[in-house]
Amino acid sequence: MTARLMMWCTGCGLAAGGGICLIAYLNYIPAGLSFLGYFMFVSRRMETIIFAIGLLLMAASICFPEKYR
């Protein structure tokens, strides 16, 4: 139970940090980038990977069953 809670909290922190950075990058769209240009820019950033890892950790902590003794 504690390991799942720690994994969920870590995933939540990573997803929040990565998501905030991705939202901050939305300021580049009014500067002349199209949505496709924004997507290409964001797909090469480390924050996108951190965001995805955070979502995977949260989903794994919720979906995978815990082994009971």
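Evaluation of the side-chain hydrogen bond (donor to acceptor under 3.5 Å, both in side chains) test over residues 29-46, restricted to residues two or more places apart or in two chains, returns Tyr25-Arg45.
With sequence neighbours excluded, the residues satisfying side chain to side chain contact (heavy atoms under 4.5 Å, CB included) with Ala60 are Met7, Phe64. In this view, Ile49 and Met46, Ile53 satisfy the side chain to side chain contact (heavy atoms under 4.5 Å, CB included) rule, not counting sequence neighbours.
Counting non-hydrogen atoms of neighbouring residues, nucleotides and ligands closer than 6.0 angstrom, the CZ atom of Phe41 exceeds 12 such neighbours.
Here the CG-CG distance, from Leu57 to Leu14, works out to 6.5 Å after rounding to the nearest 0.5 Å. Note that the CG atom of Leu36 and the CE atom of Met40 stand 6.5 Å from one another [nearest 0.5 Å]. Rounding to the nearest 0.5 Å gives a distance of 9.0 Å between CG of Leu5 and OG1 of Thr10.
In the hydrophobic clustering of ILVMFWY residues, with side-chain heavy atoms under 4.5 Å counting as a link, Ile20 and Leu22 come out apart. No continuous path of ILVMFWY side-chain contacts below 4.5 Å connects Ile62 to Leu56, so the two sit in separate hydrophobic clusters.
Scanning both residues, Phe51 and Ala15, for their nearest heavy atoms gives CD1-O, 3.2 Å. Nearest approach of Val42 to Thr48, heavy atoms of both residues: O-OG1, 2.6 Å.
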